[in-house]
Amino acid sequence: MAFVVGGRMVWKPHVGGRGSAWLGTRDMHLAAARHTYRPRLVGLARARSRSVVLVRMSTGPSQAVVPVPNGGASHSHAPSSSRAGRHGVANVPEPGTKFAITTPLYYVNAAPHMGSAYPTIAVDVLTRFYRMTDRDPVFVTGCDEHGEKIAQAAHKMGREPQEHVEIIAAQFLSLWDKLDIKYDRFARTTSSDHAKIVSEFMERVWDNGDIYKSVYEGLYCTGCEEYKDPKELNTGNVCPLHQAECEMRKEENYFFALSKYGDALLEFLEQNPNFIVPEERRNEVLGWIKSGLRDFSVSRANNPWGIRVPRDEKQTIYVWFDALLGYVSSLREEGDEVSLDACVKRGWPANLHVIGKDILRFHAVYWPAMLMSAGLPLPAQVFGHGFLTKDGLKMGKSLGNTLDPTELVDTYGATAVRYFFMRAVEFGQDGDFSNSRFIDVVNSELANSIGNLLNRSLNLLRKNCDSVIPADSQAAADAVEGGDTLRQAAQLRAAEARASFDQRNFPEACFKIVSIAHDTNGFIDAAAPWKKFKEGEEGKTEAGQTLAVVLEATRIVATALNPVVPSLTKDIYAALGFDESVYANLTWKDTEWGMLKQGHAFPTPKPVFMRLEAPQTAV
């Protein structure tokens, strides 16, 4: 930042942790008018405590609403720097290791919503970061395509179930492409290979004595695709998630002996305290187990849309017993034997399952017990993220405030959408979206702090140096006043951002990186190279060195932001005159200072990120 001391501009970077911040658009304009750089504390914080109803940001058969306390995060303060607690203790993979990391397999009863886009963006960011840091993740996403609810949705649309799932799966694939999602596996639970894997798994569990046939009568929620304990329901036997009355059903089904695994699960959680994060999710799971586990049905007698039970063709396998195996079956590569063992060799157990907290029971209780029964290793960690509101309110058609991710990305682009949800929603906690806040955050940080910085620097270089850098960036940082300070600040912030990414603290990682851009804006404002270019040869030399420092710092910002906004990083590298192959091979080591060399030529400048404008009708 710059201070006016005795009528002279003095620049100092704001290297501190939580005291560093971003400037809103209005603040930047005012600061520029005063020729100072005075950041105010703005960033992320919890909104005032309030009770709202949230739409889940998730996944499985359940897609309705659930009341929870507290609203979404505001960007009025810096993000929390804690590496545990709210984010949980991350299971950080070692360099050179291969492992799987998964989103939920999304239920295809309806088109993708923002709740399915959000965790997929988060996992994409994490896997891109891992690839940049010499780790070898297998990114698994996909669709859960069986179940009564899907058959009902298909019937309502006048389609056959297979036709319906093909249409909806294509919508997910299209959205992932628009959002720059770079997955390795896209699971489809209607594939014949998956069905064989599920059948083999069920046979193992059966052989272990954990599947038996019994008659069950109880209250069934189609939305959740499960029988409900009456004490879990609201008055009138209404499901609290779907606000729909459960129906009484009596069926003869096959059951999994979940109750047999209560002690084993408790022992496992005691030995692996970071298996479920954040901590509040772990406490919830411990409560369920300690209150006593009930065996659950793993088949349905009256639902033809599913995989047939291997020892009883009259019944189909329960959707969750089927879908969870998609994490394993999707690891199989072409040419591999269609078997559990072949899949396991390709990256199981998963390093991380990222899920919505509404499907925590299935992933943190049912799934581990099923794996224990089949003799397969358990995943390293289950991360339950929060829910999403819009303008502080639940989302719903009746309120007219739904958030369509396809419309959002078509209106604003992938870079803006990816950046906002990683910057403004604390991973693991509930978050809120508003159009005004979305535009404010993206414009302030991407368009102003980064885009405008790059554009004015390149135009100065074009006008005064024929778009050829006159000094080596390393030597320039040594020579120009404040250059070494900025270099050290950039290296420190990049290292801090790496640590934040490793701990899945995406808001803090973005905050640290954009702080480099804030410091660089302060540096160039204090140095005023546009004036120096008019002050003879000595002034021109100093101005050229200043631009070398500014452009190198901007390159580091772009490199560190690559996991979050890959398209923007690619555009910045192109604007800096690098071949596309340089961008394609970026690693975290490229955040080190010194890539820009004397004589490096730049193309004709053009803006890399335009300011967002609110549409006539809010998204």
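Predicted model, so just to flag it, every value in this text is computed and none were measured. Every heavy atom of this structure was used, including side-chain atoms; hydrogens, water molecules and symmetry mates were not. Residue indices begin at 1 and follow the sequence shown.
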Q.
Please list all pairs meeting side chain to side chain donor-acceptor pair (under 3.5 Å) that have one or both residues in residues 169-178, counting only residues at least two apart or in different chains.
A. K178-D410

Q: Just jot down the side chain to side chain donor-acceptor pair (under 3.5 Å) partners of T604, sequence neighbours excluded, or say none.
A: none

Q | Under the ring pair (Phe, Tyr, Trp, His ring centres under 6.0 Å) test, residues paired with Y419 that sit two or more places apart | A | none

Q: Tell me, please, which residues at least two apart from T190 pass side chain to side chain contact (heavy atoms under 4.5 Å, CB included).
A: E145, H146, Q162, V165, R188, W305

(Q) I'd like to check the side chain to side chain donor-acceptor pair (under 3.5 Å) partners of D136; sequence neighbours left out, ordered by chain and number. (A) none

Q) Should the ring pair F433 and F420 be called parallel, tilted or perpendicular, given that the plane angle runs from 0 to 90° and is split at 30 and 60? A) perpendicular

Q: Please identify each residue that fulfils side chain to side chain contact (heavy atoms under 4.5 Å, CB included) with P93, with sequence neighbours left out.
A: T97, F99, Y130, R135, N351

Q: Indicate yes or no: does E284 engage R281 in a salt bridge with an N to O separation below 4.0 Å.
A: no

Q: Mind checking side chain to side chain donor-acceptor pair (under 3.5 Å) for T415 and listing every partner two or more places apart, or none if nothing turns up?
A: none

**Q.** Results of side chain to side chain contact (heavy atoms under 4.5 Å, CB included) for K589 - residues two or more places apart only
**A.** T587, E592

Q: Examine the side chains of H363 and Y327 and answer whether a donor and an acceptor come within less than 3.5 Å of each other.
A: yes

Q.
Going by the rule side chain to side chain donor-acceptor pair (under 3.5 Å), which residues pair with S330 if we only count those two or more places apart in sequence or in a different chain?
A. none

Q) side chain to side chain contact (heavy atoms under 4.5 Å, CB included) with A364: which residues, sequence neighbours excluded? A) I276, V285, L360

(Q) Tell me whether K570 is salt-bridged to D180, with the criterion being a basic N under 4.0 Å from an acidic carboxylate O. (A) no

Q: Can you run down the salt bridge (Lys or Arg N to Asp or Glu O under 4.0 Å) pairs that involve residues 104-120, sequence neighbours left out, and say none if there aren't any?
A: none

**Q.** Test log, rule side-chain hydrogen bond (donor to acceptor under 3.5 Å, both in side chains), inputs H194 and T189
**A.** CA-CA 6 Å; H194 172 76; T189 62; 4.9 Å; no

Q.
Testing the basics here: between A350 and H353, what is the closest heavy-atom pair and its distance to 0.1 Å?
A. CB-CE1, 4.0 Å

Q. Can you list every pair that meets salt bridge (Lys or Arg N to Asp or Glu O under 4.0 Å) and has a residue in residues 92-117, with sequence neighbours left out?
A. none

